[in-house]
> 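There's a structure below that I have some questions on.
The sequence lines fix the lettering, A, B, ..., with proteins before strands; numbering per chain opens at 1.
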Amino acid sequence: MSSRFNPQAADARWQKIWDERGSFRADDASPKPKSYVLEMFPYPSGRIHMGHVRNYTMGDVLARFRRMTGHEVLHPMGWDAFGMPAENAAMEKGVHPGDWTRANIATMRAALKRLGFALDWSRELATCEPEYYGQEQALFLDLHAAGLVYRKESAVNWDPVDHTVLANEQVIDGRGWRSGALVERRKLSQWFLKITDFAEELLDGLETLDQWPEKVRAMQANWIGRSRGLRFRFALDHVVGGIDHIEVFSTRPDTIFGASFAAVAADHPIAAALAAKDPALGEFIADCRRTGTAAAEVETAEKKGFDTGLHVIHPLDPNWRLPLFVANFVLMEYGTGAVMGVPAHDQRDLDFARKYALPVTRVVAPTVEQAGEPIHDEAYTGPGVIVNSHFLDGLGAEEAKAGIIGRAEEEGWGEGTTVWRLRDWGVSRQRYWGTPIPIIHCDACGPQPVPREQLPVVLPEDVSFDVPGNPLDRHPTWKHVDCPNCGKPARRETDTLDTFVDSSWYFIRFASQPGDRPFDRAVAEQWLPVGQYIGGVEHAILHLLYARFWTRALKRIGRIDVAEPFTGLFTQGMVTHETYKAADGSWLSPEDVVSRDGQIVVLDTGALVNVGRVEKMSKSKKNVVDPGPIVDQYGADAVRWFMLSDSPPERDLPWSEAGIEGSWRFVQRLWRITEPGEGASGEDRELDKRLHRTVAGVATDIEALSFNKAVAKIYELANAIEKAKPSASRDAAARTLIRIVAPMIPHVAEEAWARIGGEGLIADAAWPEVDPALLVDDEVTIAVQMNGKLRDTLTAPKGMDKAALEALALGSDRIVRLLEGKEPRKVIVVPDRLVNIVA
RNA sequence: GCGGACGUGGCGAAACCGGUAGACGCGGCAGACUUAAAAUCUGCUUCCCCUGGAGUGCGGGUUCGAGUCCCGCCGUCCGCACCA
């Protein structure tokens, strides 16, 4: 019998057996309780990295564990396969994006399979295949029919060299990230999804997501950004370009009597109208546009304004005029693009007022007596009562807000309203490698939906990337079609959908994928919502918000009765690694360095290496460890075990050579511990208790995704089994140990299970039963403290009464010595825990 | 500025409702086995002025008792940010 577990042979053997038996196929018709475990599907970049391995290992442990506890588990895998890198590869290497993507998928699928994940590969999907994106087109048309899709002119970042729209993140210092060309602002007609229609429910829905990290909920709430306040009109003292008033929004209408100016954004229509006659203002506006919106610039940018010479009339006093400025800190994109300035109670307004010598009037004070106290360098934003405000005097802020809103509505110059930070979702991308938007443009009839029977609108294969721009746009035939309405020649929409649309419903398609519809409602509803979703925090806002929106939109149009797609969300930490730098400052890869006599040196030269911070694995810092060779060397289980050990899953996991060695040692140790014995007899009650406590504890830890704690408990049990003398209990413990490690290190578990003659596959085994009687101790260790400091420990039967415990503690040699015959002032007894003697 | 985490040995970390701080792993040290090495096993491993004392970022507080609760600081990381 081999004394070593050989993953190179065993891993593939068990993977093949699971595959042939269809062990991890989810059965829609199963009567068992359903459990949907999902990890964020990967982009097929070409290789898997440690982050994937960690992510999918966590999900896998949970999925396998749920199977063991009697659930029918859906644990699928697929590919977020559209996107720019494929087009970049096409431009750089001349490969077709489809060929490149499909080859990458094949490579990555093989790499994932080597890790032995309990995935239902029969449901595998790739978003770049017409079977998927065609159904997405159908859903898009459903939303379109329901009025949740519209077309609007919108400013975009246009790269004039690549002839394409760039996302904000792709514009670096005003230049395209690839071409380096100065980016232009262009107005393009684009398709939008009405996510703002759902702002309120998306925000309120967050409160039901109690199994989401607080951080993610806070980020989404922030992003949606609800502000309640008053929208009201300031009449102008002169009509300019046909404009006789401006509309402003304020969350602090209670401070309206403290206003000392009004300001509009540089892009505001009135600014444009005024600039037409005033070159100086035109110059100022141009200047504002030059200032970027990057965080650093915003922080240092001075608050600047241009006095238009116009005045607005205070709505509560026709004789009160406030100067109107164009200001660089007012954003056209938020609220109405115009504000009232209340310097006493807003820091930004105060800075501005000081600069332009505008009045500062306190209208809120902590107490009425402080009404006359001047404002110095700091605006007062604290609580208090309204002062210097006529009929509002003496009211609290909330009452005053309600009062002003009521009056504005009564008098017709304003109304209470809610303003959202959230914008509608622009989904048009001027790219080839994405889902074609199923619309046909007709000069006579306007944009027409593609008739259902013509779906999917399939991407043409014969495209070239040797010229910049969108290949769909210049394809000789593809876009030329007849209008479905009038039959005259018309053009296909050549924009494709944002890839975030693809990932907004893939979890529904996993649950049900009929050929003729996006999904079967009844089947999908059996599985959804996803019980546990696992992925990186980088998707905390966009992907998770879009998926929530899409699901709610489908619910609103009656396609599925699920409001929130993901009941539980877990955001895992990154896999990190030390960084190494040579003397000349260049980065060194972990393969180039070696530890020698307690120092890190360059492998070839022996030169001393500077060991840098532990950081996220990245190509630029050369600290990437590729999972492939590691799996070759140590096998899938050692890698999986490493991913689960030590660091709590939400925190970063530092990869180390020593760590993977340790995991390898454990896998081998487990193999030795579980070697079938001679069939010893006899009971070992201590070990029995340890075993049952471990089984119960590991189950709790896995449910809570506290894998590091489960690992620690398993080590303790393994240590105890090794130390125990041969007995029937010891054999039973070893046997049970195999089952509880099975979700984490399934290959060695199967092999060990087969070796001891276990019935069936461990992949189909049940989680061991726990005998509650063995979870309670009959003896407990009592801590004996004096003045809160530990002085002694003693053993007592469980449940001993207070008086007996006190007597026992006072009889302890150490205590007798320390008391020196004096009487304790007080004795506190916590049964089964401790005795504290106060002297 | 707003929001969210976090701070415990040389390192990754445990510690349930306030009740024996440092479980478990890594690394290190010593030893066993071996001609030797690997592998494996055993013991030790928070610090110090070591019959004792100190100790969970710092300073206070509540309590018989605080890593845990309260107040005030310091520091690190992440997200958003001229949001009216």
Side-chain angles (χ1 to χ4, degrees), chain A residues 3-4 213-223 225-227 229-230 248-253 255 263 265 291 293-295 297-299 301-303 327-331 333-342 346-349 351-352 381 419-421 537-538 540-541 571 595 598 614 641-642 645-648 650-654 656-663 665-666 668-669 672 697 700 706 708-719 722-723 781-793 817 824-830 832-839:
Chain A
S3 64
R4 272 202 161 195
E214 190 55 44
K215 178 190 167 102
V216 174
R217 292 196 288 167
M219 282 165 76
Q220 291 213 355
N222 214 334
W223 187 264
R226 172 163 55 196
S227 299
L230 174 69
V248 302
F249 173 72
S250 172
T251 53
R252 294 294 306 274
T255 63
T291 323
T293 48
E297 292 175 73
V298 164
E299 204 148 308
E302 213 185 332
K303 308 281 170 280
N328 66 346
F329 63 84
V330 181
L331 305 174
E333 302 83 58
Y334 187 77
T336 57
V339 297
M340 70 166 178
V342 183
D346 181 290
Q347 192 58 44
R348 202 187 39 207
D349 292 349
D351 296 345
F352 192 80
T381 53
V419 162
W420 303 89
R421 207 192 84 105
V537 240
E538 65 273 21
I541 297 175
T571 53
S595 173
V614 174
W641 188 252
F642 183 93
S645 309
D646 290 353
S647 289
E650 68 278 10
R651 251 184 259 179
D652 289 351
L653 171 68
S656 74
E657 193 65 27
I660 184 69
E661 291 278 355
S663 295
R665 278 201 297 275
F666 177 73
Q668 295 302 336
R669 211 173 128 213
R672 288 193 302 273
T700 310
S706 298
N708 56 319
K709 294 189 211 168
V711 164
K713 289 190 176 84
I714 287 167
Y715 270 114
E716 284 182 289
L717 177 62
N719 292 346
E722 278 189 327
K723 284 206 170 69
T781 307
I782 304 291
V784 182
Q785 300 180 333
M786 191 172 240
N787 298 329
K789 289 200 193 315
L790 182 72
R791 295 301 172 189
D792 202 0
T793 57
R817 193 147 35 92
R825 286 202 292 141
K826 195 174 173 187
V827 179
I828 283 119
V829 181
V830 183
D832 295 337
R833 273 227 119 105
L834 60 70
V835 179
N836 188 17
I837 295 153
V838 188

> With sequence neighbours excluded, what pairs up with A:Phe352 under the ring-ring contact (aromatic ring centres under 6.0 Å, His included) test?
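A:Phe352: ring-ring contact (aromatic ring centres under 6.0 Å, His included) contacts with A:Phe261, A:Phe325, A:Phe329, A:Tyr356.
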> Which nucleotide wins on minimum distance to the side chain of A:Ile541, given the candidates B:A5, B:C82, B:C80?
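Between B:A5, B:C82, B:C80, the one nearest the side chain of A:Ile541 would be B:C80.
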> Partners of A:Asp646 by salt bridge (Lys or Arg N to Asp or Glu O under 4.0 Å), sequence neighbours excluded?
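Counting only residues at least two positions away or on another chain, A:Asp646 forms no salt bridge (Lys or Arg N to Asp or Glu O under 4.0 Å).
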> Does A:Asn222 or A:Ala338 map to a spot on RNA chain B nearer the 5' end, using the closest nucleotide for each?
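The answer here is A:Asn222.
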> Which heavy-atom pair separates A:Phe642 from A:Ser656 by the least distance, and what is that distance?
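The pair with the smallest heavy-atom distance is CZ-N, 3.6 Å.
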> For A:Arg825 and B:C64, give me the distance from atom CZ to atom C1', rounded to whole Å.
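My rounded result for the distance is 9 Å.
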> Suppose we screen for side chain to side chain contact (heavy atoms under 4.5 Å, CB included). Which residues come up paired with A:Ala783, at least two apart in sequence or across chains?
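In terms of side chain to side chain contact (heavy atoms under 4.5 Å, CB included), with neighbours along the sequence ignored, A:Ala783 is linked to A:Leu790, A:Leu834.
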> With A:Glu661, which residues qualify under side chain to side chain donor-acceptor pair (under 3.5 Å), at least two apart?
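Checked A:Glu661 against side chain to side chain donor-acceptor pair (under 3.5 Å); matches are A:Tyr634.
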> Would you mind building the protein contact string for nucleotides 42-55 of chain B? One character per nucleotide, 5' to 3', B for base within reach (heavy atoms under 4.0 Å), S for sugar-phosphate only, - for untouched.
-----------SS-
> Hey, does A:Arg672 reach any base, or is it just sugar-phosphate, or nothing, if we go heavy atoms under 4.0 Å?
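Sugar-phosphate: the residue A:Arg672, judged by heavy atoms under 4.0 Å, touches backbone atoms but no base.
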> Between A:Asn719 and A:Arg669, do the side chains contain a donor N or O and an acceptor N or O under 3.5 Å apart?
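Judged by distance alone, the side chains do pair up.
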> With syn defined as a glycosidic angle within 90° of 0 and anti as the rest, where does B:C50 land?
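Judged by the O4'-C1' to base torsion, B:C50 sits in syn, the angle falling within 90° of 0.
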> For A:Ser647 and A:Asp652, which heavy atoms make the closest approach, and how far apart are they?
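Looking at all heavy atoms of both residues, the shortest contact is OG-O, 3.3 Å.
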> For A:Asp346 and B:G1, give me the distance from atom CG to atom C1', rounded to whole Å.
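For the pair A:Asp346 CG and B:G1 C1', the rounded distance is 11 Å.
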> What integer distance in Å separates A:Lys826:NZ from B:U63:P?
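To the nearest whole Å, that distance equals 10 Å.
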> Could you give the CD1-to-C1' distance, from A:Ile660 to B:C11, as a whole number of Å?
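My rounded result for the distance is 18 Å.
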> Sequence neighbours left out, what passes salt bridge (Lys or Arg N to Asp or Glu O under 4.0 Å) with A:Asp792? Give chain and number order.
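Not a single residue meets the salt bridge (Lys or Arg N to Asp or Glu O under 4.0 Å) criterion with A:Asp792.
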> How far, in whole Å, is B:G55 from B:G60 if one measures between their P atoms?
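Approximately 12 Å lies between the P atom of B:G60 and that of B:G55.
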> How would you list, by chain and number, every residue that makes a side chain to side chain donor-acceptor pair (under 3.5 Å) with A:Gln220, sequence neighbours excluded?
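Here the qualifying residues are A:Arg548.
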> Rounding to the closest angstrom, what is the interatomic distance between B:C74 and B:G59 at atom P?
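Roughly 15 Å separates the two P atoms.
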> Could you state the NZ-P distance from A:Lys215 to B:C80, rounded to the nearest angstrom?
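Nearest whole value for this atom pair: 9 Å.
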> Could you list the residues that satisfy side chain to side chain donor-acceptor pair (under 3.5 Å) with A:Glu538, not counting sequence neighbours?
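With neighbours one apart ignored, the set is empty.
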> Suppose you measure atom P in B:C77 against the same atom in B:A30; what distance do you get, rounded to whole Å?
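Here B:C77 and B:A30 have their P atoms 38 Å from each other.
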> Could you tell me how far apart A:Asn328 (CG) and B:A84 (P) are, to the nearest whole angstrom?
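The distance from CG of A:Asn328 to P of B:A84 comes to 17 Å, rounded to the nearest Å.
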> With sequence neighbours excluded, tell me which residues meet side chain to side chain donor-acceptor pair (under 3.5 Å) with A:Asn222.
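Expected list: none.
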> Taking the side chain as every heavy atom from C-beta outward, state whether A:Val711 and A:Phe666 have any pair of such atoms under 4.5 Å apart.
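No; the side chains remain at least 4.5 Å from each other.
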> Tell me what A:Val330 touches on the nucleic acid: a base, only sugar-phosphate, or nothing, going by heavy atoms under 4.0 Å.
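Counting heavy atoms under 4.0 Å across all strands, the contact made by A:Val330 includes a base.
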> Take atom CD of A:Glu538 and atom C1' of B:C80, then tell me their distance rounded to the nearest Å.
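For the pair A:Glu538 CD and B:C80 C1', the rounded distance is 17 Å.
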> Taking the chi torsion of B:C17, is it syn (within 90° of 0) or anti (everything else)?
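It is syn.
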> Mind telling me whether B:G12 is syn or anti, cutoff 90° either side of 0?
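Nucleotide B:G12 adopts anti.
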> Rounded to whole angstrom units, what separation is found between the CG atom of A:Asn787 and the P atom of B:C64?
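To the nearest whole Å, that distance equals 12 Å.
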> Roughly how far apart, to the nearest Å, are B:G9 and B:C64 at atom P?
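Here B:G9 and B:C64 have their P atoms 30 Å from each other.
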> Using the C1' atom in both, what is the distance from B:G67 to B:C58, to the nearest Å?
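Here B:G67 and B:C58 have their C1' atoms 15 Å from each other.
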> How does each nucleotide of nucleotides 13-28 of chain B score, in 5' to 3' order, for protein heavy atoms under 4.0 Å: base (B), sugar-phosphate only (S), or none (-)?
SSS---BB--BSSSS-
> In whole Å, measure the gap between the P atoms of B:G57 and B:C41 for me.
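Per the computed distance, 35 Å lies between those P atoms.
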> What pattern of brackets, bars and dots sums up RNA chain B from 5' to 3', given Watson-Crick or G-U wobble pairs under 3.5 Å, [ ] for crossing pairs and | for another strand?
(((((((..(((......[....)))((((((.......))))))(((...)))..(((((..]....))))))))))))....
> Would you please name every residue forming a salt bridge (Lys or Arg N to Asp or Glu O under 4.0 Å) with A:Lys713, sequence neighbours left out?
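Here the qualifying residues are A:Asp701.
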> Can you tell me, in whole Å, how much space there is between the C1' of B:G18 and that of B:C69?
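It comes out at 8 Å once rounded to the nearest Å.
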